[in-house]
Amino acid sequence: SYRRASGKSRAHVMLAPWLLSLGAKDGCCWCDPDTPKDAEAVTGSDGDDYTLVFSDEFNDPSRSFANGEDPKWTALEVGDTSNLGSAFYLPEQATVLADQNASGVVALRILTEEKPHTGDSPTGEKNIHMPYSSAMLQSWNKFCFTGGIVEFRAKLPGGGGYWPALWAFGNLGRAVYQSSNTGLWPWSYDECDADLALAPDSPPQRISACDDHDLDVDGLHPFQGRGATEIDAAEVAVRSPSATSYAVFSLQISPAVPAYFKPAIGSLPAQRGPGSWYSGLKYGDGIAGKGWYGPPWGASCPTGCPDTISASVVDDVFDERYRTYRVELLGGGGGEGGSLRWLLDGRLVWSLDESALGAYAVDTSAQRPGEAGGEAGREAASRRERTPARAFPREPMALIVNSAIGTWNGGYGAIDAPADGGPIGTAFHVDWVRVWQSGVNVGCDPPDYPTAKYIRSNEWRYGPDASPLGSETCPEIYPESAHRHAEQIVARA
């Protein structure tokens, strides 16, 4: 049964002189005291008021983000072998300094440069050689939030072929550590369905609602489907010239809808019928849902074959000035309905509500090309393809800032950039990161979506422990609704 933990919030432990400033921001432990007063509250698109629960203004040049040296972020030291990456992530590639091209701005700088490095991969391979160096900062197992508004102010690198990203990721997985993500990324599904059909190479959900668990032993509730959903405030394909760059704003989610609904890559969704994609998506003025929809049906994707529900801003400039990238994840806790909205410089890019993640099914009424004839063909012609309703993302999420080098969806890569005149050695600047919530739900181990014991029991999947843990830095604060939801999960089981 579910038992409320007494003393769930640990005391704030002082680990370094820099931490003395934490908690001085009007009682907000995770808030940077340099955050302006007028940023302490915002109004969401739903008209509700949201209060600051986390901020990092990146104003202190003395900071180091190596593991164990910063309470909010861990800069990885690992070769990025995901997505055919070609850059080694190193802590020294992430620094705080004055941006010489923006008056008065001190910012996080991620420098991606042609600097070879040899070391370990996320899967434990030794002596992995990468021709480039870059950085990835994660708040994994440090700062996590459930629902709210996340905003980044950033200026992207100039040149060609970079793949910078500002995103949130379910804490039950860990970005680039494939062993932690296989079967969890980016699942958001809480039904036991023995007939669920997946793409040919897609792994099944690792923590399924069909599985019995003991919270005291496994760190998981019984018969609760879990995952590590990905929400991208922006992934940007930086190109040369700059005005040909494009940004993708996306929710990545599994299980994917049947192949019938997926549009062809680069085309617009159809109004109805094949390729009609998800229903009820809304786009801002001049924005279309054209772009990447996730791996094509039948593609090889050993970590998972998700849907990428997204919209793109194309032929725009992202490297000449700072711009704000916001995601509103509203209604994200305690089993309530929710909505997601992406904004660029305060303008709507696109949105969806929970109904868009409902069930999708199609009865194939005719034999498709390449299918068998005769009895086998008639059988195939009458089969019903379906995906049940997915859960709206409510897992505790960590923040990630990184700049990769590699091929994005098999396309243009930074390795091609020098031939096109795109420089290698420009920087990704992040002025600040802020999170607001209408009710505080902060911590990586909430009662309805626990992660701590499972991660400890499967530490081999996750790479080096994050240090310090978030619970050692600031109190975990979970609303009454999260405790009620945990009770409902156990009662359902």
Side-chain angles (χ1 to χ4, degrees), residues 1-2 170 172-173 178-215 217-230 251-262 278-279 294-309 335 354-365 368 371-372 375-395 448-451 454 457-458 461 485-486 488-493:
S1 65
Y2 168 69
L172 204 56
Q178 295 96 316
S179 296
S180 75
N181 297 324
T182 301
L184 288 182
W185 174 82
W187 281 82
S188 192
Y189 183 60
D190 189 27
E191 300 292 336
C192 179
D193 187 346
D195 297 324
L196 178 65
L198 301 175
D201 287 338
S202 191
Q205 187 177 20
R206 193 164 82 227
I207 303 173
S208 166
C210 299
D211 300 334
D212 193 5
H213 290 286
D214 186 317
L215 184 62
V217 175
D218 307 313
L220 301 170
H221 289 304
F223 305 108
Q224 182 187 19
R226 299 292 302 277
T229 310
E230 177 179 336
L251 167 67
Q252 305 211 42
I253 196 166
S254 285
V257 295
Y260 172 90
F261 294 99
K262 188 166 281 193
Y278 282 73
S279 61
W297 187 267
S300 177
C301 37
T303 305
C305 294
D307 282 339
T308 301
I309 316 172
E354 188 161 359
S355 64
L357 303 179
Y360 289 77
V362 59
D363 291 307
T364 53
S365 57
R368 293 175 296 187
E371 289 189 320
E375 289 300 316
R378 282 191 288 275
E379 227 176 271
S382 63
R383 69 170 174 241
R384 188 167 190 261
E385 298 177 0
R386 65 183 182 85
T387 299
R390 276 65 46 85
F392 189 79
R394 295 188 180 95
E395 293 275 351
D448 46 349
Y449 293 92
T451 71
Y454 180 84
S457 299
N458 295 271
R461 295 182 180 273
H485 190 214
Q488 292 164 4
I489 291 166
V490 172
R492 183 189 68 172

Chemist: Taking atom OG1 of Thr303 and atom CG of Leu184, what is their separation to the nearest 0.5 Å?
Modeler: 11.0 Å
Chemist: Can a donor-acceptor pair be found, under 3.5 Å and without considering hydrogens, that links the side chain of Ser188 to the backbone of Ile253?
Modeler: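 No; judged by distance alone, with no hydrogens or angles, the pair does not exist.
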Chemist: Any non-hydrogen side-chain atom of Pro302 less than 4.5 Å from a side-chain atom of Ser202?
Modeler: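 A side-chain contact is absent here, since even the closest heavy-atom pair is not under 4.5 Å.
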Chemist: Nearest 0.5 Å, please: how far is OG1 in Thr387 from CG in Asp193?
Modeler: 9.5 Å
Chemist: For Gly227, does its backbone N or O pair with a side-chain atom of Gln205 as donor and acceptor, under 3.5 Å?
Modeler: no
Chemist: Sub-3.5 Å donor-acceptor pair from the side chain of Lys262 to the main-chain atoms of Asp307, do we have one?
Modeler: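 No, because the side chain of Lys262 does not come within donor-acceptor range (under 3.5 Å) of the backbone of Asp307.
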Chemist: Can you name the nearest heavy-atom pair linking His221 to Ala486, along with the distance?
Modeler: NE2-CB, 4.0 Å
Chemist: With a 4.5 Å cut-off on side-chain heavy atoms, are Pro306 and Thr229 touching?
Modeler: no
Chemist: Got a second to check how far Asp212's CG is from Asp218's CG, nearest 0.5 Å?
Modeler: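 Atom-to-atom, Asp212:CG and Asp218:CG are 8.5 Å apart.
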Chemist: Measure across Pro388 and Arg386 and return the closest heavy-atom pair with its distance rounded to 0.1 Å.
Modeler: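 Smallest interatomic distance, heavy atoms only, reads CG-NH1, 3.4 Å.
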Chemist: Does the Gln224 side chain pair with the main chain of Asp448, one donor and one acceptor, at a distance under 3.5 Å?
Modeler: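 Side chain of Gln224 to backbone of Asp448, a donor-acceptor pair under 3.5 Å: yes, one is there.
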Chemist: Going by ring pair (Phe, Tyr, Trp, His ring centres under 6.0 Å), name the residues that satisfy it together with Tyr189, two or more places apart in sequence or in a different chain.
Modeler: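 Ring pair (Phe, Tyr, Trp, His ring centres under 6.0 Å) check on Tyr189 returns nothing, list empty.
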Chemist: Is the shortest side-chain heavy-atom distance between Pro255 and Leu198 below 4.5 Å?
Modeler: yes
Chemist: Enter the distance from Arg226:CZ to Asp190:CG here, rounded to the nearest 0.5 Å.
Modeler: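 That separation rounds to 9.5 Å.
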Chemist: Does a side-chain heavy-atom distance below 4.5 Å link Ile207 with Leu172?
Modeler: yes
Chemist: What's the shortest heavy-atom distance between Ala356 and Tyr278, and which atoms?
Modeler: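 What the structure gives for the nearest pair is O-CD2, 3.1 Å.
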Chemist: What distance separates Trp187 CH2 from Arg206 CZ, expressed to the nearest 0.5 Å?
Modeler: 12.0 Å
Chemist: Over all heavy atoms of both residues, which pair between Pro186 and Glu230 is shortest? Give the atoms and the distance, please.
Modeler: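 That would be CB-N, 4.0 Å.
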Chemist: Working to the nearest 0.5 angstrom, can you tell me the gap between Phe223 CZ and Asp211 CG?
Modeler: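 Going from the CZ atom of Phe223 to the CG atom of Asp211 covers 8.0 Å.
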Chemist: Quick check: closest heavy atoms across Pro203 and Cys301, and the distance to 0.1 Å?
Modeler: CD-O, 3.9 Å
Chemist: Judged by atom type as modelled, is there a donor-acceptor pair below 3.5 Å linking the side chain of Arg461 to the main-chain atoms of Gly173?
Modeler: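 It does not hold such a pair.
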Chemist: What closest approach, in Å, do Leu357 and Pro393 show between heavy atoms, and which atom pair accounts for it?
Modeler: CD1-CD, 4.3 Å
Chemist: Describe, in one word, how the ring planes of Tyr360 and Phe261 are oriented to each other, choosing from parallel (under 30°), tilted (30 to 60°) and perpendicular (over 60°).
Modeler: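 Answer is perpendicular, since the angle exceeds 60°.
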